[in-house]
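See structure below.
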Amino acid sequence: MGADIGDLLERDTISMKDLDGKIVAFDAFNVIYQFVTTVRGRDGQALTDSNGNPTSHLAGLLYRTTSFAEAGIKPVFVFDGEPPELKAETIEKRREIRDKAHEKWKLAVEKGDPAEIYKYAQASARIDPQVIDESKMLLPMMGIPIVESPSEGEAQAAFMLENKDVDFVSSQDYDAFIFGATSVVRNLTVSGKRKLPGKSVYVDVVPEKVDLNKNLERLGISREQFIDIALCVGTDFNKGLERVGAKTALKLIKEKGTVEEILRAKDKTDLTPSYHAAKAFFQHPPVTTEYTVKWEKPDADKMVEFLCRKRDFSEDRVMNAVQKLNAARAAKKKTTLDQWF
DNA sequence: CTTACTTA
DNA sequence: TAAGTAAGG
């Protein structure tokens with residue numbers, strides 16, 4: 001989970017049209033996780049081919065990426081590398097939560113309660129290495145660039161934003177901001193609706209944009225102090241202070257200036273080394289300059305071979321996606337030419 | 001999640 | 001044409 005510092009940030013509502021022609025970096029793991037948890041049949045089970053291979057991630061990536069491309073968005077997917085040792089505790093905690101949900105799912109199946117089955121099937125979803133590998137295979141087939149981060153995807157995406165190789169980072173949590181991403185878009189959907197967790201109720205969602213620098217200016221804090229606030233609240237890389245939420249953390253930072261001073265005042269200097277380590281990671285995460293951001297023509301033959309022959313996708317739907325991807329490329333070329341004449 | 005079909 | 005529902009793999 002990302003640090004709960006979202007309440008501090010003001011956002012502006014945007015429309016999908018504002019993203020026409022814009023390069024948007026997606027944290028691949030976040031997106032795939034969303035698909036694996038939400039692209040499901042009515043029984044709550046993930047979609048699979050006839051051999052039982054999961055296909056939720058493939059369906060999600062194919063349809064969503066295609067419709068984003070159709071809207072003029074130029075997507076780039078950034079994949080995680082090795083998580084830092086600092087994240088070990090968070091990863092273990094998530095695994096425990098997943099295991100507990102799996103036990104509850106088994107009980108729900110015994111009881112035969114459909115709502116509970118759905119809920120816990122979703123909560124116990126995990127991402128197999130195969131799911132990641134297949135995603136890394138499918139996107140290039142679609143002509144969509146992928147980037148492999150040496151460590152955290154959000155950190156790499158923030159770096160690419162800083163280098164002006166992308167216009168926005170798309171993220172549903174707040175980690176990207178701590179890594180310094182200045183232009184973040186949220187709630188990007190084609191349908192404009194999203195299911196409420198655990199309920200069969202749909203609410204309207206509007207895309208929004210958050211400008212970190214504007215927010216820092218308004219809050220009167222530096223980027224380092226923003227990181228310090230996140231550290232006080234708690235991040236994937238450190239445990240936060242007890243009973244300190246975003247608002248309290250902001251107040252403390254305004255009073256004391258740095259997280260180190262806050263720890264000193266609370267007589268918790270023993271925590272300083274771990275806070276320093278997390279802070280250093282947010283300030284200088286491992287990233288790579290070895291990436292290219294280029295959109296190619298989709299390879300229809302490979303897509304049909306993989307999705308239809310191997311994973312039971314309908315050829316109509318796949319070819320429809322290919323056609324849309326090609327149309328998006330043609331439209332893009334036209335606007336590029338128009339700029340010259 | 002998105003697409004495709006059904007209904008008013 | 002818009003909103004609701006089923007299906008997709």
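No hydrogens, no waters, no symmetry mates; every other heavy atom, side chains included, goes into these values. So you know, we letter chains A, B, ... as the sequences are listed, proteins then strands, and number each from 1.
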With a non-hydrogen cut-off below 4.0 angstrom, is A:Ser50 in contact with a base, only sugar-phosphate, or nothing?
nothing

Once you round it to whole Å, what is the distance between P of C:dG9 and CG of A:Leu58?
11 Å

Is it the case that the side chains of A:Ser171 and A:Asp27 hold a donor-acceptor pair, with the cut-off being a distance below 3.5 Å and no angle test?
no

What is the distance from CD1 of A:Ile127 to P of B:dC1, rounded to the nearest Å?
16 Å

Under 3.5 Å, which donor-acceptor pairs link side chains of residues 158-166 of chain A to any protein atom two or more places apart or in another chain?
unit_1: A:Asn163; atom_1: ND2; unit_2: A:Tyr291; atom_2: OH; d: 3.4
unit_1: A:Asp165; atom_1: OD2; unit_2: A:Tyr291; atom_2: OH; d: 2.4

To the nearest angstrom, the CD-P distance between A:Gln45 and C:dA6 comes to 19 Å

With sugar-phosphate meaning primed atoms plus P, OP1 and OP2, does A:Lys310 contact a base, only sugar-phosphate, or nothing at under 4.0 Å between heavy atoms?
nothing

Review item, side-chain donor-acceptor pairs of residues 131-145 of chain A, under 3.5 Å, at least two apart:
unit_1: A:Glu134; atom_1: OE1; unit_2: A:His57; atom_2: NE2; d: 2.8
unit_1: A:Glu134; atom_1: OE2; unit_2: A:Gln130; atom_2: NE2; d: 2.7
unit_1: A:Glu134; atom_1: OE2; unit_2: A:Arg311; atom_2: NH2; d: 2.7
unit_1: A:Ser135; atom_1: OG; unit_2: A:Val131; atom_2: O; d: 2.7
unit_1: A:Lys136; atom_1: NZ; unit_2: A:Glu148; atom_2: OE1; d: 2.9

Between B:dT3, C:dA7, B:dC1, which one does the side chain of A:Arg42 approach most closely?
C:dA7

Looking only at C:dG8, B:dT2, C:dG9, the nucleotide nearest the A:Ser67 side chain is B:dT2

Distance check: side-chain N/O of A:Lys324 vs OP1/OP2 of B:dT3, anything under 4.0 Å?
yes

So what does A:Thr38 hit on the nucleic acid, given a heavy-atom distance under 4.0 Å: a base, only sugar-phosphate, or nothing?
base

Report the distance from atom OH of A:Tyr63 to atom C1' of B:dC1, rounded to the nearest whole Å.
11 Å

Assess the side chains of A:Asn215 and A:Arg218: does a donor N or O sit below 3.5 Å from an acceptor N or O?
yes

